[in-house]
Every structure is written in C-alpha cells, then in structure tokens.
Amino acid sequence: MADREGGNRKYWLMKAEGESRIVKGIDVAFTFEMLEKITKEGKMESWSGVRNYEARNMIRDQMSIGDYAFLYCSNCKFPHIRGVMEICSEPHPDDSCWDPNDPYYDPKSTKEKPRWYSVGVQSRYPFKRPVTLRELKMHINGKLSHMSLLNRARLSISKVNKDEWDFIHQLAELPEPSEVQEAREKENQKETKKRERRVDDDGKEDNKQKKSKSPYIAAAGDDDTSLNAIKQSRIKECNIK
DNA sequence: GCCAACGTTGGC
DNA sequence: GCCAACGTTGGC
C-alpha cells in the first residue's frame, strides 16, 4: 500500500465494546488484541454492526483504504484507546444485517437497498500504553476541545483531525498521569476485594476467577478460545499483500 | 445496575 | 414536520 502520510489520509475513531456482552448468544466484545491476532494471520476484520445513520454515512461516504483509526474500547472499567488500525477495504454493504442470527440483524436492510455499511480493518500498532477517556478528558478545555469523542459521546464512529491525532500519540509516549494511574489502582483494589469476598463466601478457592485481569478491560475476550468461538464467522480473508 | 443524554419511531 | 414516547449507548 502506498504511504499516504502527509497526503489525503483521514483519521477516525471507532468504538468497540471491551467487556463481554452476550447478544443472541454471541459475545459482541472486540478488543485490539483480537484484531492483532486476526491481522497476524493475514486476515482482516469486517467492521460490521454500525447501526447509526451518522456513523454509517461516514463509513459509506468518507472512509477509504489507507485511512487510519484509533480503536476505542468502550463499556469497560476504563474506556481507552489501545492502538491504531488501518482501513483496508473500500466501504461495502454490511452483510451482518441479512443474517437473522447476527446480533445486529436488520430486516429493513435489503440487498437491493442496503441500509448499513462496513469496512475491513487491520491493526497497525499498539500504543506504548493505553490512553484512557479519563486522560483525554483532562484536555477537554485544551487541545481536545473539539474532539467528537468528548462532545458527541454516543457516536460510534467519529472523525479525528490531524492535530488531535498527533496530540494523542504524544500522550501515549508520556507516562500516564498519576491521577489516572491512582484511579485505576483504586479500582483494581476494589476488584480484588470483591474477589476475596467471593472466595470467603464459597469457603474455598474459586478457580474460575484466576483469569488475569487487565486494568483496562474488566472481562474476557482476548484469549484464543473466545476469539475462535466468537469471531470466526466475521473474519474475512485479506487480499492485500 | 443506574440513569442521563440523545437517537429513532410513529401518530397526528 | 413536530414532538412525545420509547429505546439505546455508555460512563460512572
């Protein structure tokens, strides 16, 4: 792919749920680690399930191959940006809406008149450290005062301008602000206590709780088993060299 | 688990 | 095309 740095590359922020949530028997969580695995296998992820018109319009009318996007992790203890991915297919009708078993099935979208659109994505690089929403909000009166994520909290796809893009990269290179770090440690302690209490209640060790917890993502979804079980159907072969 | 914010639906 | 009712998102 031609390097589009400094050219007409556009920048985006795309939200995915970090914590397991079962819809119609399917876990809708999707993490950067899952995308890295898919990418390593030479495949791409179809970014399906966007069911909001404004977000749809951005995908359908503005996204193009070579654009970059932050993968934002929502619905978890510490919502955050974990890394960067690249748009690697042209926008196309989202085929998840024709499948009655899909969590995002929409009978009103037809093949003749598709209502929803999707693009293929691959991971490019993780941040040196995750940048939390809490940290981004510290700049709401400064460099990030126009950022859609902060002003239009419910939009699942949003544009990021080049200044914001660069600024957030700079944040990721610096140590995490102590304020944010402390808040996360406090949250972790709470979690640990909860777990201990559960063990006490059971009267014995609960082995099911041994899963290592990321401070950012409170639930599973990043191990092989769940990845295979959950995502196989949505992974597309990647035809990019 | 709660609930504020806000997007969508549908009656008129 | 207004707007009340309803449904969803997502941070906390």
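So that the names make sense, note that chain A is the first sequence line, chain B the second, and so on, each numbered from 1.
Side chains of A/Ser118 and A/Ser46: a donor on one and an acceptor on the other come within 3.5 Å. Between the side chains of A/Lys10 and A/Ser64, at least one donor-acceptor pair of N or O atoms lies under 3.5 Å.
The distance from atom CZ of A/Phe70 to atom NE2 of A/His169, rounded to the nearest 0.5 Å, is 5.0 Å.
With A/Tyr104 as the aromatic partner, A/Arg51 does not meet the cation-pi criteria of under 6.0 angstrom to the ring centre and within 45 degrees of the ring axis.
Nucleic acid contact for A/Phe78: none, since no nucleic acid atom lies under 4.0 Å from a heavy atom of the residue.
In summary, A/Arg82 and A/Glu36 do not engage in a salt bridge, as defined by a charged side-chain N under 4.0 Å from a carboxylate O.
Of all nucleotides in DNA chain B, those with any atom nearer than 4.0 Å to a heavy atom of chain A start and finish, going 5' to 3', at B/dA5 to B/dT8.
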